[in-house]
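The structure appears below as structure tokens.
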Amino acid sequence: MEKPEEISEKPPVEGEQIKKKFVVRSATDLQRIRLEKLMKNPNKPVAIPESPREKDHLSSVPSFVRNVMGSSAGAGSGEFHVYRHLRRKEYARQKHIQESSKREQMDVDYQEKLEANRRVAEEKTAKKRAKRLKKKAKAKKSKSTEEPKQDNEESDKSSTSEEENEKKSEK
């Protein structure tokens, strides 16, 4: 199968670029072509569409139903369609209420999960911090106990020089 990636009908004129016609083979090619089109003129404003809004069934369904169907005999044939319409609206209203309560419950569960994860992360951090500080204190303690053993002579000299400095300052 041939690759018709470049098609040029006539030789390019000076200052004019060769126009390449690409065959879209995948979603990435399509995305690349769209990006190239956008980047041809970066000063041109781009219209970003808004996210689709959810259908609000409550706005179309009144909370107060004026034409209440009774259970009386003798209803005409036209009443069935009215009944069917009201029933459809009521089912849509109940579905919307259930979906919104489910969404709210999912939000609450998500927030609880985030809080639990944050608490666990803080506990781990506190535990590691305590371990790190304990290790640091132990290293400092072992370092301070090693210094006098190694520097006994130096500490003796420094203590005598300190005593001499004190005597001089007293005079």
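When a residue number appears, it is its place in the shown sequence, counting from 1.
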Quiz prompt | Salt-bridge present (Glu36, Lys40; N to O < 4.0 Å) | solution = no
Exercise. Kindly give the heavy-atom pair with the smallest separation between Ala121 and Thr125, and that separation in Å.
Key: O-OG1, 2.7 Å
Self-check item: Nearest heavy-atom neighbours spanning Pro49 and Ala47
Solution: CD-O, 3.6 Å
Quiz item: With a 4.0 Å cut-off, would you call Arg93 and Glu90 a salt bridge?
Solution: yes
Quiz prompt | Validation row: Tyr91, Arg88 side chains within 4.5 angstrom (heavy atoms) | solution = no
Exercise. Measure the spacing between OG1 of Thr28 and CD1 of Ile33 and express it to the nearest 0.5 Å.
Key: 9.5 Å
Self-check item: salt bridge (Lys or Arg N to Asp or Glu O under 4.0 Å) pairs, two or more places apart, involving residues 112-130
Solution: Glu115-Arg118, Arg118-Glu122
Quiz item: Does the side chain of Arg34 come within less than 4.5 Å of Leu30's, by heavy atoms?
Solution: yes
Quiz item: What salt bridge (Lys or Arg N to Asp or Glu O under 4.0 Å) pairs are there with at least one residue in residues 131-141, not counting sequence neighbours?
Solution: none
Exercise. Can you sort out the partners of Leu114 under side-chain contact (heavy atoms from CB on, under 4.5 Å), two or more places apart, ordered by chain and number?
Key: Tyr110, Gln111
Quiz item: Which distance, rounded to the nearest 0.5 Å, do you find between the NE2 of His96 and the OG of Ser101?
Solution: 10.0 Å
